[in-house]
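In what follows, a structure is listed as structure tokens, so that the remarks can point back to it.
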There are 2 protein chains.
Amino acid sequence: MLQKRIDDQPSISPEMVREAQGILHQHLKKVGLKQTAQRDTILRTFLDTREHLSTDELYRLVRKKDPKIGYTTVYRTLKLLAECRLASEVAFHDGIARYEHQYNRRSHHHMVCTDCGSSVEFFSNEVERLEQDIGRKYRYMTTRHSFQIYGVCEDCRKKNGAARVV
Amino acid sequence: MLQKRIDDQPSISPEMVREAQGILHQHLKKVGLKQTAQRDTILRTFLDTREHLSTDELYRLVRKKDPKIGYTTVYRTLKLLAECRLASEVAFHDGIARYEHQYNRRSHHHMVCTDCGSSVEFFSNEVERLEQDIGRKYRYMTTRHSFQIYGVCEDCRKKNGAARVV
DNA sequence: TCGATCTTGAAAATGAAATTCAAAATCGCC
DNA sequence: GGCGATTTTGAATTTCATTTTCAAGATCGA
């Protein structure tokens with residue numbers, strides 16, 4: 001299930017969007033912040049993707065819905081969403097922070113093509129178990145982990161052929 | 001085996017340093033670059049650690065041995081070392097690139113305390129096997145992976161007690 | 001030794017992330 | 001509904017690690 005182009009289909013149902021909005025609103029109230037139209041627009045735009053979005057990419061999408069929303073607001077809202085666990089950062093190690101929505105999704109990991117940047121998601125219970133085991137062993141209270149595999153995907157191998165010498 | 005303070009003891013033997021230097025020199029020749037005193041000093045300084053060093057941290061250590069060596073040279077040499085696999089980047093996701101020397105060490109992973117930044121190394125064959133399995137399944141030619149666990153270490157939990165609300 | 005090529009390192013450039021601040025919006029309260 | 005304290009917004013600026021530039025110096029094969 002490659003991540004290449006799936007922008008078109010909305011990823012989650014209207015009820016889920018409403019529920020996510022509820023989670024955000026509850027979080028805002030809890031930490032004494034205010035509900036705004038911008039924050040809702042950004043959340044909805046974010047939920048409506050299945051990509052691993054950088055702040056800039058999300059900003060471009062948000063701008064289509066409301067051109068008056070600025071980059072800074074997207075940046076800050078993304079942090080808010082991460083705070084209430086609606087978004088989580090994914091590390092692709094390309095120097096850019098990326099987020100994906102974590103709403104009703106099984107924990108998963110990524111394999112990233114170092115040539116074209118496309119990625120595959122995969123699942124592994126072993127990794128979850130390992131977090132528990134290692135944490136217990138060294139007496140850490142673990143909160144999360146990060147696991148990525150890097151390589152070159154089949155398409156890129158075909159395209160490049162012998163052009164990989166440099 | 002905490003990483004907190006082990007700066008003093010040199011981590012590898014003189015023969016190993018020589019061998020590592022051989023690897024670097026061979027790599028330099030292979031890619032048509034030149035052997036320099038700076039590069040050797042930086043390699044030796046780097047090998048003489050067991051920490052996960054940022055470029056800046058290594059620069060400070062190198063400066064003690066030869067104050068004329070500049071940051072840029074350390075930065076570039078670290079990339080060279082990574083090229084010939086004497087160094088490898090470790091991702092602690094704190095916005096700083098860190099390297100550790102990979103000379104004669106088993107592949108390992110890190111568990112990082114998000115409070116104090118200390119880390120524990122651990123080993124897992126499962127993770128290695130997983131890279132193979134997932135790569136085969138999705139037809140990626142895998143080159144490497146990155147696995148970190150985040151949490152709070154015992155010391156920090158004790159220190160902070162109830163001060164973890166904010 | 002010569003000279004083509006590479007290296008060095010201070011300085012500048014880059015670029016993502018974070019902060020600033022004045023104008024605008026929110027929301028508890030009456 | 002409207003007041004007002006507090007928060008938000010977003011353009012602009014700042015920050016900071018990283019990367020590039022470039023002229024002077026070093027390396028190494030012939």
Side-chain angles (χ1 to χ4, degrees), chain A residues 21 24-43 45-46 52-84 87-99 117 166, chain B residues 21 24-43 45 52-84 87 89-99 117 166:
Chain A
Q21 229 158 52
L24 172 61
H25 294 172
Q26 196 174 327
H27 177 73
L28 289 173
K29 181 161 272 179
K30 201 178 78 186
V31 297
L33 300 181
K34 288 166 182 172
Q35 207 179 83
T36 68
Q38 287 94 327
R39 282 173 178 163
D40 284 352
T41 301
I42 294 165
L43 171 60
T45 309
F46 180 62
H52 308 109
L53 294 171
S54 66
T55 308
D56 191 64
E57 283 162 355
L58 182 57
Y59 167 60
R60 286 163 200 278
L61 293 177
V62 166
R63 212 166 40 174
K64 286 186 199 167
K65 298 198 182 178
D66 183 349
K68 293 195 300 305
I69 295 178
Y71 180 93
T72 314
T73 303
V74 174
Y75 165 77
R76 281 183 291 217
T77 303
L78 223 25
K79 296 224 140 183
L80 270 177
L81 297 184
E83 258 177 50
C84 57
S88 66
E89 202 174 319
V90 288
F92 280 9
H93 293 170
D94 55 358
I96 297 171
R98 289 169 196 284
Y99 295 82
V166 183
Chain B
Q21 228 157 52
L24 174 61
H25 294 173
Q26 195 174 329
H27 177 73
L28 290 174
K29 180 160 274 181
K30 200 178 77 183
V31 296
L33 301 181
K34 287 167 184 174
Q35 206 176 107
T36 68
Q38 287 95 325
R39 283 173 178 164
D40 284 351
T41 301
I42 294 166
L43 171 59
T45 309
H52 308 109
L53 295 170
S54 66
T55 309
D56 191 63
E57 284 162 355
L58 182 57
Y59 167 60
R60 285 163 199 278
L61 292 176
V62 165
R63 211 166 42 173
K64 286 186 196 165
K65 297 198 182 178
D66 184 348
K68 294 195 301 304
I69 295 179
Y71 181 92
T72 314
T73 304
V74 173
Y75 163 79
R76 281 183 290 219
T77 303
L78 221 27
K79 295 224 138 181
L80 269 177
L81 296 184
E83 259 177 49
C84 57
E89 200 173 323
V90 288
F92 280 9
H93 294 171
D94 55 357
I96 297 170
R98 289 169 194 285
Y99 294 83
V166 181

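Throughout, protein chains are lettered first and strands after them, A, B, ... in sequence-line order, and every chain is numbered starting at 1.
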Mind calculating the distance between [atom1] ([X]) and [atom2] ([N]) to the nearest angstrom?
X	N	atom1	atom2	value
A:Gln35	D:dT6	CD	P	20 Å
B:Lys79	C:dC6	NZ	P	19 Å
A:Lys68	D:dT8	NZ	P	19 Å
A:Tyr99	C:dA16	OH	C1'	11 Å
A:Asp40	D:dT9	CG	P	10 Å
B:Ile42	C:dG9	CD1	C1'	11 Å
A:His25	D:dT8	NE2	C1'	14 Å
B:Arg76	D:dT18	CZ	C1'	12 Å

So does [X] get a side-chain nitrogen or oxygen closer than 4.0 Å to the phosphate oxygens (OP1/OP2) of [N]?
X	N	value
B:Thr72	D:dT20	no
A:Gln38	D:dG10	yes
A:Tyr75	C:dA18	yes
A:Tyr71	C:dA18	no
A:Thr36	C:dA25	no

| query | Mapping A:Lys29 and B:Gly32 onto DNA chain C by nearest heavy atom, which one lands closer to the 5' end? | reply |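 It is B:Gly32 whose nearest nucleotide is closer to the 5' end.
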| Taking for each residue the nucleotide of DNA chain C with the nearest heavy atom, is it B:Lys34 or A:Ala97 whose nucleotide lies nearer the 5' end? |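 The answer here is B:Lys34.
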With a 4.5 Å limit on heavy-atom distance, are the side chains of [X] and [Y] in contact?
X	Y	result
A:Lys79	A:Tyr99	yes
A:Asp40	A:His25	yes
B:Thr77	B:Leu43	no
A:Leu78	A:Tyr75	no
B:Leu80	B:Leu33	yes

| note | Per nearest nucleotide of DNA chain D, the residue lying toward the 5' end, B:Ile96 or A:Val74, is A:Val74
